[in-house]
**Q** 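This is the structure, below, for whatever I ask next.
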Amino acid sequence: MDKTFQPTNIETRWYQEWEDKGYFAPQGGEQAYSIMIPPPNVTGSLHMGHGFQEAIMDALIRYHRMSGYNTLWQPGTDHAGIATQMVVERQLEAQGINRHDLGREKFIEQVWKWKEKSGGAITQQMRRLGASLDWSRERFTMDPGLSAAVQEVFIRLYREGLIYRGQRLVNWDPALHTAISDLEVISEEEQGHMWHFKYPLAGAQGHLIVATTRPETMLGDCAVAVHPEDERYAGLIGSTVMLPLCDREIPIIADEYVDREFGTGCVKITPAHDFNDYEMGRRHELPLINILNDDAAINDNAPESYRGLDRVEARQRVIADMDALGFLDKVVDHTLSVPRGDRSGVVIEPYLTDQWYVDAKKMATPAIAAVENGDIQFVPKQWENTYFAWMRDIQDWCISRQLWWGHRIPAWYDADGNFYVGESEEAVRKDNTLGDEIMLRQDEDVLDTWFSSALWTFSTLGWPDETEELVTFHPSSVLVTGFDIIFFWVARMIMMALHLRQEVPFHTVYIHGLVRDSEGQKMSKSKGNVIDPIDLIDGIELDELILKRTSGLMQPQLATKIEKSTRRQFPNGIASYGTDALRFTYYSLASTGRDIKFDIGRIEGYRNFCNKIWNAARYVLMNCETEDCGTQTDAPVELSLADRWIISKVQETTAEVARAVANYRFDMASQALYEFIWNEYCDWYLELSKSVLWDDNASREAKRGTRQTLIRVLEIWLRLLHPMMPFITEEIWQSVGPLAGKSGPTIMLQPYPEPNEHDIDLRANENIEWLKLVIEGVRNIRGEMNIPPGKELSVLLRKGDENDRSRLAKNSQYLRKLAKIETIEWLAKDDDVPLAATALAGELEILVPMAGLIDKDIEIARLTREISKLEADLTRLQGKLGNAAFVDKAPAAVVAKEQDKMQTQLQALTTLQEQLQRIRDI
RNA sequence: AGGGCCUUAGCUCAGUUGGUUAGAGCACCUGCAUGACAUGCAGGGGGUCGGCGGUUCGAGUCCGCCAGGCCCUACCA
């Protein structure tokens, strides 16, 4: 074995082996446990969020697989309609063509080519993380089977009246030429202006003043609205104004929606270009005047001079023209929230089009109930409120997209605009008895990607066929995902599964936090603060990291700033930490769904932990490999106190890990393991074992017992740790397992350790705690006096009870070894006490004679510090116990505990004060 | 506008139903090439738990108000 742990060579080797041998496939077992991966974009690449999410899923999966469940982790990817189409369109653009030049069929071919080329990248990266997905079952949302499921669902819901076609105002992305759902619109505050326009009254003197943030929309105005009880305008309701530039007479209407306090209290109403105005238009039966085309340029419904102008130009022209006519009252600065497409980044226009919708309200009712009645539970629970709030006010879901990449809508139109929904043109003709003379054309649009993702938990298992997998693994056990897609995906999966299968898609939804950079900033390409998980695993040179962060920027001028901050943050690039360290870092930070600030210091610490594990195993193997460990034969063994203690401790750890995992507290599980392995097994047990193994006088049985315990306990905690650190545990287990008497090809299919009350030895725990106290007392003196660790000490003991004496008698070999003590002697009651530094272990006094070793002033300072601590504590205790209310009302056990404590502290105080006095006196 | 979350050591974070002297890692200081490990060992320092008030014998923990930070939803033209 190498002296330090080298992750790179072992990781890929083991992953290859596991995958080749088919260990990731379900292995049978009475109870099923399944997780469906949130499908990443097929052409995407792995980021820190994926890494975090997959680390959690893999820990759950490996844990349950080892615990004997029939375990499936379903892999797959999503076709990501808009995102993928955009990428390919950009590639075409570089060649100077667009998708229309190519035509639909050729374009889709191009997209498939791109998918073939880059589609494997993310799944390869997932393998680097050690994710034990059953790749033999990998699915893609555009696979024939999943596409068939999508079509089936569309037709079924349509026939049930849950999908309908309608003309509505939608969120229109003028760059991508498609409708998008509410959720794909990101509104953020931006600095803008508010223009106040005068609209002259028709057939009378005077004018009204309306305010708008989008002046160009006035070309589509159909009314001006005031509040019905607004006295200023009461007389004008029912009359008309003359809309400037258009010379159209539009009514003044009254509607309670208008806020009298805001602006002038008059609102221009543009029903075809504003969601609120649309509703008001319906209430008042106003016409809809659409003034835009698909590019958001002005169309022929507007006066001639504006036609063809882009919306931005049109705005300037309208303002200028209104100003020229004297109708521009004023312009004020105004902060407004601007809706932008989450993919394109351009301003979204409310736009009147024909689209397909899912009637979400009907489907939401059972989906709400499923969470209310606990069939589905969110972890952490508070997310249920977010879910309820959205579901109870859910809007119909616009599912059609004006794209080419995706599942085409199975609807056909005749020349008269009638449409028919069915499996195919043939089926539609047959079902509707349409002769060949009737021309039919299929709907050009495709479905929202989330429509297919919503079916993911069961479409991947073969639905609509009632396959064995479907029966076994659906509902899935838990969904692990981020809060950002609760609405997009989680809610829609729940609705679909309940409607189509009358069962929930999963029992638990584990919501994790966002991974941010070390300053708490969201990681993003444009900020240049992205860390690629693979770079943490393999390491990356500074120059390469800078190049990675600054290439392909949307705003190239940010490059210098990004370079500077990268140089500051990673002056030496990023070291190679290995997958296990990265995973352990994720777990250690995974507390109750809060965001994670990723700190490079943490991963470094866990790389060191890996090295610690490696070397602990090295020590154990060096001492066990060619020796009799009592695991293969029935040779007699004798277990020492240390052996019994560490066996006891590993049981406690096992129970703690089980409890933590059951509560999705991976931070607690990882901490329990870290603490046990480093601070108990390595720091204490390995050191204690040396005093047996290196003792020529120790019996064969004792040595055998220690070797057996060393190897068995190591083997147990390797299995405990495996779901979190799969690679290092496998590598070590290959040598350790057989020595511990285990057989099998891989640790990943070994049984997960279960807590065993029987192995907990409370007396051994107490004895070791005593031993630690005494050793730490001596070490404290040694440390504070700067006595070299190699220097052997003579130690005197004083006071103490029978317990102390018998413990000393049994354990002096440990004391000598771990505290580097040459001689230990008890002082009799009447013996003179030599000048010495003092430590206390309960009532036992530990004295290290000062002669030649100890500086008087340092000891005085040390004692004074200890004494003042005790005094402060005693004051507090006396106050507490002197308070009648406390003694009366607090539980007797609490009072007794405080009294005990006070006794102990008083005694310690007296002892130390005496010591201090003695030293001062010399 | 409504709702939620967060504020604990220099930094990143734990702290179950209120009950020892509030913990860990990193960083810091001191000593150390000891036969698993310097990616290490041993010892040490460091916090009025954001502020104010309340409930309680007792509050980091429960309640209210305030300050600061983050997020979600809805959006007033």
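To find a chain, count down the sequence lines: A is the first, B the second, and so on, and within it residues start at 1.
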**Q** When rounded to the nearest Å, what value does the distance between C1' atoms of B:C13 and B:G58 take?
**A** 27 Å
**Q** In whole angstroms, how far is the P atom of B:C72 from the OH atom of A:Tyr387?
**A** 20 Å
**Q** How would you label the contact of A:Arg665 with the nucleic acid (heavy atoms, under 4.0 Å): base, sugar-phosphate, or nothing?
**A** sugar-phosphate
**Q** Name all pairs fulfilling the salt bridge (charged side-chain N to carboxylate O under 4.0 Å, His left out) condition that reach into residues 609-625 of chain A, sequence neighbours left out, sorted by first residue then second.
**A** none
**Q** Closest nucleotide of RNA chain B for A:Gln382 versus for A:Phe598: which of these residues is on the 5' side?
**A** A:Gln382
**Q** Distance between the P atoms of B:U8 and B:C62, in whole angstroms?
**A** 16 Å
**Q** For B:A77, does either OP1 or OP2 sit under 4.0 Å from a side-chain N or O belonging to A:His334?
**A** yes
**Q** Taking only the P atom of each, what is the distance from B:G64 to B:G18 in whole angstrom?
**A** 16 Å
**Q** Which dot-bracket string fits RNA chain B when only Watson-Crick or G-U wobble pairs with both atom distances under 3.5 Å count, crossing pairs get [ ], and | stands for a partner on a different strand?
**A** (((((((..((((.....[...)))).(((((.......))))).....(((((..]....))))))))))))....
**Q** Could you tell me whether A:Glu687 and A:Lys690 make a salt bridge, using a distance below 4.0 angstrom between a side-chain N and a carboxylate O?
**A** yes
**Q** Specify the residue among A:Gln905 and A:Asp667 whose closest nucleotide of RNA chain B lies further upstream toward the 5′ end.
**A** A:Asp667
**Q** Sticking with atom P, work out how far B:U20 lies from B:U39, rounded to a whole angstrom.
**A** 39 Å
**Q** Select base, sugar-phosphate, or nothing to describe what A:Ser337 touches, counting heavy atoms under 4.0 Å on all strands.
**A** base
**Q** Which value, rounded to the nearest 0.5 Å, describes the distance between A:Leu870 atom CG and A:Gln907 atom CD?
**A** 11.5 Å
**Q** For a quick check of understanding: with a heavy-atom distance under 4.0 Å over all strands, which category does A:Phe487 fall into, base, sugar-phosphate or nothing?
**A** sugar-phosphate
**Q** For A:Asp484 and B:G4, give me the distance from atom CG to atom C1', rounded to whole Å.
**A** 16 Å
**Q** From CG of A:Leu881 over to C1' of B:G58, roughly how many Å is that when rounded to an integer?
**A** 12 Å
**Q** In whole Å, I'd like the distance from the NZ atom of A:Lys791 to the P atom of B:U34.
**A** 17 Å
**Q** With distance as the sole criterion, is a donor-acceptor pair present between the side chains of A:Thr4 and A:Gln6 under 3.5 Å?
**A** yes
**Q** In whole angstroms, how far is the P atom of B:A24 from the CZ atom of A:Phe609?
**A** 16 Å
**Q** Side chains of A:Asn529 and A:Arg516 only: does a donor on one sit below 3.5 Å from an acceptor on the other?
**A** no
**Q** Where the side chain of A:Met668 is concerned, which of B:U30, B:U12, B:G15 is the nearest nucleotide?
**A** B:G15
**Q** Would A:Trp614 and A:Phe5 count as a ring pair (Phe, Tyr, Trp, His ring centres under 6.0 Å) if you check the C-alpha gap in whole Å, the side-chain angles of each, and the deciding distance to 0.1 Å?
**A** CA-CA 6 Å; A:Trp614 186 255; A:Phe5 174 55; 5.2 Å; yes
**Q** Establish, with yes or no, whether the OP1 or OP2 oxygen of B:U12 is under 4.0 angstrom from a side-chain nitrogen or oxygen of A:Lys597.
**A** yes
**Q** Distance between the P atoms of B:A22 and B:G31, in whole angstroms?
**A** 30 Å
**Q** Quote, to the nearest angstrom, the C1' distance that separates B:G15 from B:C52.
**A** 24 Å
**Q** Check the distance between B:U16's C1' and A:Glu656's CD and give it to me in whole angstrom.
**A** 12 Å
**Q** Considering only B:C71, B:A77, B:U12, which nucleotide approaches the side chain of A:Met194 most closely?
**A** B:A77
**Q** Respond yes when some side-chain nitrogen or oxygen of A:Asn786 is under 4.0 Å from OP1 or OP2 of B:G43, and no when none is.
**A** no
**Q** Would you indicate what A:Ser588 reaches in the nucleic acid, counting non-hydrogen atoms under 4.0 angstrom: base, sugar-phosphate, or nothing?
**A** nothing
**Q** Consider only side-chain N and O atoms of A:His227 and A:Asp259, and report whether a donor and an acceptor are under 3.5 Å apart.
**A** no
**Q** Under 4.0 Å between any heavy atoms, over every strand shown, what does A:Glu261 touch: base, sugar-phosphate, or nothing? Just pick one.
**A** nothing
**Q** Quick one: which of A:Lys869, A:Glu871, A:Glu866 gives a side chain to side chain contact (heavy atoms under 4.5 Å, CB included) with A:Leu909?
**A** A:Glu871
**Q** Checking all strands, does A:Asp259 fall into the base, sugar-phosphate, or nothing category for heavy-atom contacts under 4.0 angstrom?
**A** base
**Q** Could you tell me the separation between the NZ atom of A:Lys820 and the P atom of B:C32, rounded to a whole number of Å?
**A** 15 Å
**Q** Output the rounded distance in Å from CG (A:Leu673) to P (B:G25).
**A** 15 Å
**Q** Which atoms of nucleotides 36-38 of chain B (N or O only) lie under 3.5 Å from a protein N or O atom, and what are those distances?
**A**
| from | atom 1 | to | atom 2 | distance (Å) |
| --- | --- | --- | --- | --- |
| B:A36 | OP1 | A:Lys690 | NZ | 3.4 |
| B:A36 | O3' | A:Arg618 | NH2 | 2.9 |
| B:A36 | O2' | A:Asn615 | OD1 | 2.4 |
| B:A36 | O2' | A:Arg618 | NE | 3.1 |
| B:A36 | O2' | A:Arg618 | NH2 | 2.8 |
| B:A36 | N7 | A:Lys690 | NZ | 3.4 |
| B:A36 | N6 | A:Cys682 | O | 3.4 |
| B:A36 | N6 | A:Glu687 | OE2 | 3.0 |
| B:A36 | N3 | A:Asn615 | O | 3.2 |
| B:A36 | N3 | A:Ala616 | N | 3.4 |
| B:C37 | O4' | A:Asn615 | OD1 | 2.9 |
| B:C37 | O4' | A:Asn615 | ND2 | 3.4 |
| B:C37 | O2' | A:Asn611 | ND2 | 3.1 |
| B:C37 | O2 | A:Lys612 | NZ | 3.0 |
| B:C37 | N3 | A:Lys612 | NZ | 2.9 |

**Q** Determine whether A:Tyr586 and A:Phe52 satisfy the following criterion, ring pair (Phe, Tyr, Trp, His ring centres under 6.0 Å), listing intermediate values before the conclusion.
**A** CA-CA 6 Å; A:Tyr586 283 135; A:Phe52 181 40; 5.7 Å; yes
**Q** Can you tell me which nucleotide in B:U12, B:G15, B:G19 comes closest to the side chain of A:Ala890?
**A** B:G19
**Q** Given the C1' atoms of B:G60 and B:C71, what is the spacing between them in whole Å?
**A** 24 Å
**Q** I'd like to know if the side chain of A:Asp221 pairs up with that of A:Thr270 as donor and acceptor (distance under 3.5 Å, no hydrogens or angles considered).
**A** yes
**Q** Any luck finding a side-chain donor-acceptor pair between A:Gln671 and A:Ser588 under 3.5 Å?
**A** no
**Q** Between A:Tyr606 and A:Tyr674, is the ring centre distance below 6.0 Å?
**A** yes
**Q** Got a list of protein N/O to nucleotides 44-50 of chain B N/O distances below 3.5 Å?
**A**
| from | atom 1 | to | atom 2 | distance (Å) |
| --- | --- | --- | --- | --- |
| B:G44 | OP1 | A:Asn780 | ND2 | 2.7 |

**Q** Determine the Euclidean distance between corresponding C1' atoms of B:U17 and B:U61; express it in Å to zero decimal places.
**A** 11 Å
**Q** Can you list everything that forms a ring-ring contact (aromatic ring centres under 6.0 Å, His included) with A:Phe727? Sequence neighbours excluded, please.
**A** A:Trp18
**Q** Output all residues satisfying ring-ring contact (aromatic ring centres under 6.0 Å, His included) with A:His284, sequence neighbours left out; order by chain, then residue number.
**A** none
**Q** Is A:Arg607 touching bases, backbone alone, or none of the nucleic acid, heavy atoms closer than 4.0 Å?
**A** base
